[in-house]
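So the structure is just underneath, and the comments pick up after that.
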Amino acid sequence: MKCIVSNTIEFLSTTFPKIYSSLYLEYLKQYSATYNVNKTQLRALVFIKNNGAISMTDLCAKLNIEKGSLTSMVDDLTEKGYVIRTKDLLDRRKYLISITEKGTILASDFMDKLSNKLEEKLSKLDENDRNRYMEAINTLQCILNKEEFN
């Protein structure tokens, strides 16, 4: 068991930053500069687009940022017309952050362009490597979705 844990930590610390950096971060930087949003704002827009309205507290946790930073970020995104902040009907102490049509367009455009970049990179692999890649992704997803792992 100790070997599995050690190998998992090594895999996560070396592989995911490499994947994140080469497939996502590089393009995130380019795209955010073009559209007058920072990387964290763009990540927030994509997250809200994919998952729906979210509380400030939950968004802090998902983006791994401080609440003070999030408040400033949401204020800026609101001023730019990308999100709206509304009272949570179930808990009036909370606010929910929802994406606007303008924010959805921005997040969708980013994801489309990111998908094209990823497709371009994956097309350089031969069919055998692409199949192995998909098997690895499917296996990892299956394991991570198991109830025992959550």
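Computed from a predicted model, the values in this text were never measured in an experiment.
- Considering only residues two or more places apart in sequence or on other chains, Glu127 meets the side chain to side chain contact (heavy atoms under 4.5 Å, CB included) condition with Arg130, Asn131.
- No more than 12 heavy atoms of other residues, nucleotides or ligands lie within 6.0 Å of NZ in Lys94, so this atom counts as exposed by the packing criterion.
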Side-chain donor-acceptor pairs of residues 52-65 under 3.5 Å, sequence neighbours excluded:
residue: Ser55; atom: OG; partner: Asp58; partner atom: N; Å: 3.1
residue: Ser55; atom: OG; partner: Asp58; partner atom: OD2; Å: 3.2

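- Annotation: side chain to side chain contact (heavy atoms under 4.5 Å, CB included) contacts of Asn116 (sequence neighbours excluded): none.
- Residue pairs that meet the salt bridge (charged side-chain N to carboxylate O under 4.0 Å, His left out) test with at least one member in residues 69-85, sequence neighbours left out, are Asp75-Arg85, Asp76-Lys80.
- Remark: Phe47 pairs with no residue by the ring-ring contact (aromatic ring centres under 6.0 Å, His included) rule, at least two apart or across chains.
- With rounding to the nearest 0.5 Å, the separation of CD in Gln41 from CG in Leu77 is 4.0 Å.
- The shortest distance between side-chain heavy atoms of Asn145 and Gln141 falls below 4.5 Å.
- Side chain of Ser108 to backbone of Ile105: no donor-acceptor contact under 3.5 angstrom is found.
- Applying the ring-ring contact (aromatic ring centres under 6.0 Å, His included) criterion to Tyr133, with sequence neighbours excluded, gives no partner residue.
- Atom OG1 of Thr139 sits about 10.0 Å away from atom CE of Met134, to the nearest 0.5 Å.
- Panel note: side chain Thr100, backbone Gly81; a donor-acceptor pair is recorded below 3.5 Å.
- Qualifying salt bridge (charged side-chain N to carboxylate O under 4.0 Å, His left out) partners for Asp91, counting only residues two or more places apart in sequence or in other chains: Arg93.
- Partners of Arg132 under the salt bridge (charged side-chain N to carboxylate O under 4.0 Å, His left out) rule, at least two apart in sequence or in another chain, are Asp129.
- For the atom pair CG (Leu96) and CG (Leu89), the distance works out to 8.0 Å, reported to the nearest 0.5 Å.
- Applying the side chain to side chain contact (heavy atoms under 4.5 Å, CB included) rule to Leu114 yields the partners Tyr24, Tyr27, Phe110, Met111; only residues at least two apart in sequence or on another chain are considered.
- Lys67 contributes atom NZ, which lies 8.0 Å from atom CG of Leu70 (distance to the nearest 0.5 angstrom).
- By the side-chain hydrogen bond (donor to acceptor under 3.5 Å, both in side chains) test, Lys113 is found to be paired with Asp109, residues two or more places apart in sequence or in another chain being considered.
- Atom CE of Met73 is separated from atom OG of Ser69 by 9.0 Å, given to the nearest 0.5 angstrom.
- The CG atom of Asn38 lies 9.5 Å from the CG atom of Asn36; values are rounded to the nearest 0.5 Å.
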_Using side-chain contact (heavy atoms from CB on, under 4.5 Å), reason through Ile84 and Ser98 one step at a time and then give a plain yes or no._
CA-CA 5 Å; Ile84 57 171; Ser98 303; 3.9 Å; yes
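- Here the closest heavy-atom approach between residue Leu45 and residue Tyr82 is recorded as CD2-CB, 3.8 Å.
- In this structure, Lys39 has no salt bridge (charged side-chain N to carboxylate O under 4.0 Å, His left out) partners at least two apart in sequence or on a different chain.
- Residues passing the side chain to side chain contact (heavy atoms under 4.5 Å, CB included) test with Asn50 are Val46, sequence neighbours excluded.
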